[in-house]
Amino acid sequence: MEDQEEPVPPQAIVPAPVTVTPGGDGYALSRHTTIQVDPGATAVGRYLATLLRPATGLPLPVHIAADHEARPDQGISLRLAASPGLGREGYELAVTGTGVTIQAEHPAGLFYGVQTLRQLLPPAVESRAPRPGPWPVPAVRITDRPRFAYRGAMLDVARHFFPVHVVRRFIDQLAYYKLNHLHLHLTDDQGWRLEIEDWPDLTRISGRTAVGGDPGGAYSQEAYAAIVAYARERHITVVPEIDMPGHTNAALVAYRALAPDRVAPEPYTGMKVGFSSLVIDRELTYAFVAGVLREVAALTPGPYLHIGGDEAFATPPDDYARFLRRVQPMVAALGKTVMGWQEIATVPYAGDRVVQYWRPEPPGPYLRRAVAQGARVVLSPANRSYLDMVYGPGTAYQGTPLGLDWAGPVEVRDAYHWDPGSYLEGVPEESVLGVEAPLWSETVSTPEHLDYLIFPRLPAIAEVGWSRSRDWAGFRRRLAAHAPRWRAAGIVFHPSPQIPW
Ligand code: TNX
């Protein structure tokens with residue numbers, strides 16, 4: 001990593017900004033650098049200081065100044081001001097000989113400007129230990145705003161449980177690439193991961209199991225609230241998923257009153273899908289669902305409740321439709337927007353709804369009909385965006401095959417080279433809320449495994465969601481420039497043969 005002292009070319013930013021204009025004198029962080037913030041930008045200012053201090057060892061004091069005129073023009077300044085055309089998440093960033101100015105209409109925009117600034121600094125800035133520097137920032141003017149409002153990733157904490165500190169690390173990785181939604185797949189056949197006060201055996205019993213007999217785990221409501229708060233500080237909305245009516249073996253194990261014939265099934269630690277179902281004609285099922293959704297809604301400030309709905313092969317289609325006709329309005333009654341996997345679109349619904357497309361093959365006409373009825377679509381095509389797919393033949397991680405291959409392989413170019421705005425016939429860009437990269441965890445149980453599957457594909461999906469332009473040749477070079485950053489941050493990654501590392 002001899003090249004760490006070299007200024008990074010400003011074009012190495014991922015996701016690509018709208019405009020990047022290099023030129024003029026650059027700036028370098030020093031002992032004299034201060035971070036000056038408008039009163040409404042204090043949290044972003046402190047966040048920036050916390051990011052930069054460990055590696056640089058610089059004091060970087062944060063000064064809150066209501067009065068722009070009174071400020072020295074040296075250093076980093078974060079300003080809240082109307083930025084016409086940049087929207088809630090857009091920002092302008094300027095580096096000159098005297099400092100760095102980031103301006104945005106909303107703290108979210110400043111937050112994304114801060115992520116861009118990180119990428120302008122040398123890779124060593126990502127180290128948690130002090131590094132010698134210097135800390136040059138190349139001269140550049142950037143204007144930027146995202147293409148899609150929903151840019152997400154999903155973590156399956158049900159097949160394998162990931163403790164809060166691992167989820168926090170995942171959140172930081174999303175923030176780095178300007179993603180703004182964290183979908184947590186909290187329940188499945190193999191485990192139930194969120195404490196529900198009215199149904200304590202869900203986690204007391206089914207919190208203990210995981211795929212392969214591995215140790216389980218569960219989030220107390222307090223731990224979940226801590227995840228939500230950590231995400232929120234990074235402008236990330238948590239989307240909790242309670243998967244139903246299929247993928248519910250863990251719930252039936254905990255409460256046999258919910259099971260067919262009221263006989264508890266065996267705990268399940270395999271990798272099959274589609275064999276379990278809630279009982280559709282039992283009132284207790286709806287008391288259960290209503291109670292769970294009520295507690296999840298109360299813990300979740302974000303607008304979405306994800307009700308799963310995928311692969312309900314053990315639920316006859318008429319039952320499935322009846323179930324959804326009762327459950328979707330429950331979500332609305334809690335003041336939340338229904339979100340679900342694409343199968344929910346087979347059941348008409350007049351309310352506000354987000355449908356998550358995932359199957360690699362073209363969807364049936366039902367999806368078009370749901371969109372015509374007002375549904376918005378989040379695109380997670382498995383053969384493009386699934387972070388749990390293998391990269392390619394012979395890409396085992398340290399001898400362990402990592403990932404599934406039913407929709408794969410998914411190499412970096414597959415993840416990068418597609419356009420959400422024209423991906424599905426009958427789903428126009430106006431109906432596309434955004435993109436999400438799901439990471440299912442049947443074969444994944446450690447932070448290193450997560451890193452390896454996430455990098456370098458997540459940055460590709462991030463650019464698909466943020467940037468309007470698609471430029472594979474340029475992306476390959478920009479992505480290659482990120483490898484030293486991942487190394488400095490202690491992140492393991494797949495050395496894809498498609499990238500000129
Ligand atoms: C399909 S994608 C599933 C999950 C599996 C995943 C593995 C979706 C909505 N359902 O239950 O974990 O494949 O890739």
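Both counts, for ligands and for their atoms, begin at 1 and track the order of listing.
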(message) Tell me whether Thr443 contacts the main-chain N or O of Gly403 through its side chain, where contact means a donor paired with an acceptor under 3.5 Å.
(response) yes
(message) Taking the basic N atoms (NZ, or NE/NH1/NH2) and the acidic carboxylate oxygens, is any pair closer than 4.0 Å for Arg118 and Glu126?
(response)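 Salt bridge flag = yes for Glu126 with Arg118.
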(message) Does Asp214 form a side chain to side chain donor-acceptor pair (under 3.5 Å) with Ser445? I'd like the steps, not just the answer.
(response) CA-CA 9 Å; Asp214 288 337; Ser445 58; 4.7 Å; no
(request) Report yes if some N/O of Asp388 lies less than 3.5 Å from some N/O of ligand 1; otherwise report no. (result)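 Yes; at least one N/O pair falls below 3.5 Å.
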(message) I want to know if ligand 1 touches Trp341 in the polar sense, i.e. an N/O pair below 3.5 angstrom.
(response)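 Among all N and O atoms of Trp341, none is under 3.5 Å from an N or O of ligand 1.
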Closer than 4.0 Å to some heavy atom of [X] - which atoms of ligand 1 meet that?
| X | result |
| --- | --- |
| Met389 | 14 (O) |
| Glu311 | 1 (C), 3 (C), 4 (C), 10 (N), 11 (O) |
| Trp406 | 7 (C), 13 (O), 14 (O) |
| Leu404 | 7 (C), 14 (O) |

(message) Just to be sure I read this right, does ligand 1 sit under 4.0 Å from the backbone of Asp156, its side chain, both, or neither, counting only heavy atoms?
(response)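 No part of Asp156 is near ligand 1 at this cut-off.
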(request) Name the option, out of Thr443, Leu387, Asp310, Leu439, that contains the heavy atom nearest to atom 10 (N) of ligand 1. (result) Asp310
(message) To the closest 0.5 Å, what do you measure between CE (Met339) and CD1 (Ile344)?
(response)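 Spacing of CE (Met339) from CD1 (Ile344) equals 9.0 Å.
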Under 6.0 Å between ring centres, would you say that holds for [X] and [Y]?
| X | Y | result |
| --- | --- | --- |
| Trp501 | Phe493 | yes |
| Phe162 | Phe170 | no |
| Tyr47 | His235 | no |
| Phe161 | Tyr219 | yes |

For [X], state whether at least one heavy atom is located under 4.0 Å from any atom of ligand 1.
| X | value |
| --- | --- |
| His247 | yes |
| Arg159 | yes |
| Arg359 | no |

(request) Starting from atom 5 (C) of ligand 1, find the nearest protein heavy-atom neighbour and note its residue, name and distance. (result) Glu442 OE2, 3.3 Å
(request) Considering heavy atoms of the protein only, find what lies nearest to atom 2 (S) of ligand 1 and give residue, atom and distance to 0.1 Å. (result) Tyr386 OH, 2.5 Å
(message) Can a side-chain donor-acceptor contact be found between Glu436 and Tyr150 if the only test is distance below 3.5 angstrom?
(response)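 A pair is found: one side chain offers a donor N or O, the other an acceptor, under 3.5 Å apart.
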